[in-house]
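Owing to the predicted nature of the structure, the values given are computational and were not obtained by experimental measurement. Atoms within each ligand, like the ligands themselves, are counted from 1 in listed order. Start at 1 with the first residue, then count along the sequence.
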Amino acid sequence: MEEKYESLITGIIEQGYGLVDDFLPAPFVAQIRTYLLAQKAQSKFKTAGIGQQAAQHTTIRNDQILWIEPHSPETLEARYQQALMGFLHYLNHSCYTGLRSAEMHYAFYDIGSFYKMHVDRFQHDSRRQFSAIFYLNENWADTDGGELLLQLPNGQEVKIAPKAGRFVCFRSHELPHAVLPAKRARLSITAWMLK
Ligand SMILES: O=C(O)CCC(=O)C(=O)O
Ligand SMILES: [Fe+2]
């Protein structure tokens with residue numbers, strides 16, 4: 001994993017975001033995707049909100065989410081948490097980031113769902129330091145939309161397709177970003193590393 005962690009950090013420092021493909025092996029991605037869909041089928045997802053009161057503003061975002069509990073007893077979730085915490089500890093050792101924990105949820109963007117331009121930090125809570133998104137969508141085509149749109153510090157915009165196994169990370173308070181409307185269901189795990 002170290003090479004992947006290094007490449008993520010270099011990306012964050014040099015261009016404002018890090019991206020690696022095959023963050024975890026494809027069979028794992030397929031399994032956790034199936035698990036997500038099973039949770040969805042059991043109506044465990046809720047329409048996402050905005051801010052700490054989680055008020056619903058479906059003109060800003062209309063995805064559905066399911067929080068993953070810390071230290072999950074579910075093996076698949078524990079494996080993802082292990083990989084993410086590995087990165088968190090690597091960041092602390094190499095960049096003195098002082099991160100303590102992570103919070104994360106599954107996200108399900110149904111056809112037509114989006115999340116308008118925003119930053120990930122709450123107004124009165126600055127604990128969120130890094131945002132990290134792991135995508136679970138096999139055979140995502142350019143025509144499927146649903147890209148993550150990043151507004152980079154240099155003024156450029158980049159569009160990132162939510163392809164299975166892809167992991168993207170950036171500083172939560174620095175980088176405005178949006179999710180463009182998806183033309184097919186778009187599945188992911190979003191995490192925040194907290195101070
Ligand atoms: O799924 C993505 O690509 C980004 C999600 C996001 O910005 C968020 O949940 O805050
Ligand atoms: Fe976000």
Side-chain angles (χ1 to χ4, degrees), residues 8 11-12 15-21 23-24 29 32-33 36-37 39-40 44-68 77 80-81 83-84 87 102-138 140-142 144-153 156-195:
L8 288 165
I12 295 168
Q15 57 186 5
Y17 72 99
L19 184 156
V20 293
D21 285 323
F23 183 64
L24 288 166
V29 179
I32 200 158
R33 174 193 166 80
L36 183 162
L37 288 170
Q39 303 297 103
K40 179 81 174 66
K44 296 216 176 131
F45 280 63
K46 301 269 184 293
T47 302
I50 305 281
Q52 280 180 309
Q53 274 69 48
Q56 284 180 15
H57 291 278
T58 48
T59 53
I60 299 173
R61 71 185 292 188
N62 52 11
D63 56 319
Q64 297 168 57
I65 63 168
L66 171 64
W67 285 95
I68 300 176
E77 294 176 345
Y80 182 64
Q81 286 173 333
L84 189 80
F87 183 41
E103 55 184 11
M104 62 184 76
H105 65 54
Y106 295 109
F108 183 94
Y109 286 74
D110 215 338
I111 295 173
S113 292
F114 56 81
Y115 194 158
K116 296 262 171 79
M117 198 58 80
H118 66 281
V119 289
D120 277 351
R121 204 180 259 190
F122 297 120
Q123 255 174 349
H124 303 292
D125 181 349
S126 58
R127 285 176 308 148
R128 286 183 171 180
Q129 303 294 310
F130 291 91
S131 305
I133 309 133
F134 185 50
Y135 298 106
L136 309 177
N137 308 293
E138 278 147 39
W140 195 268
D142 289 346
D144 290 330
E147 294 96 344
L148 170 66
L149 180 66
L150 301 177
Q151 247 169 36
L152 299 187
Q156 272 181 347
E157 288 192 339
V158 285
K159 280 188 197 174
I160 297 169
K163 290 179 191 286
R166 181 167 279 177
F167 181 94
V168 175
C169 185
F170 49 86
R171 292 207 79 113
S172 300
H173 64 292
E174 278 179 6
L175 206 73
H177 58 280
V179 178
L180 302 179
K183 296 196 179 114
R184 59 176 255 214
R186 175 194 194 270
L187 283 51
S188 58
I189 301 174
T190 306
W192 292 276
M193 291 182 260
L194 312 180
K195 215 162 196 158

Would you mind listing which atoms of ligand 1 come within a distance below 4.0 Å of any non-hydrogen atom of Val179? 1 (O), 2 (C), 3 (O), 4 (C), 5 (C)
Nitrogen or oxygen of His177 less than 3.5 angstrom from that of ligand 1: yes
Could you tell me if the side chain of Trp140 sits less than 4.5 Å from the side chain of Tyr135, heavy atoms only? no
Side chains of Val158 and Gln15 in contact at under 4.5 Å (non-hydrogen atoms): no
Of all protein heavy atoms, the one nearest atom 8 (C) of ligand 1 is Tyr115 CE1, 3.6 Å
Atoms of ligand 1 close to Asp120 [distance to a heavy atom under 4.0 angstrom, numbered from 1]: 10 (O)
Identify which of Arg128, Arg186, His118 has a heavy atom lying nearest to atom 6 (C) of ligand 1. His118
Student check: side-chain heavy atoms of Tyr80 and Met104 closer than 4.5 Å: yes
Nitrogen or oxygen atoms of Tyr135 and ligand 1 under 3.5 Å apart: yes
Could you check whether any side-chain heavy atom of Tyr106 comes within less than 4.5 Å of a side-chain heavy atom of Ile189, counting everything from C-beta outward? yes
For the Fe ion (ligand 2), what is the number of protein N, O or S atoms at a distance under 2.8 Å? 3
With the side chain counted from C-beta on, respond yes when Leu180 and Glu147 share a heavy-atom pair under 4.5 Å apart, and no when they do not. yes
In Å and rounded to the nearest 0.5 Å, what is the CG to NE2 distance from Leu66 to His105? 9.5 Å
Please state which part of Val168 comes within less than 4.0 Å of ligand 1, counting heavy atoms only: side chain, backbone, both or neither. neither
Do the non-hydrogen side-chain atoms of Tyr17 and His177 ever get within less than 4.5 Å of each other? no
Testing the basics here: between Ile111 and Arg184, what is the closest heavy-atom pair and its distance to 0.1 Å? CG1-CA, 3.7 Å
Looking at residues at least two apart in the chain, or sitting in another chain, which of them share a side-chain contact (heavy atoms from CB on, under 4.5 Å) with Asp63? Ala48, Arg61, Ile65, Ala107, Tyr109
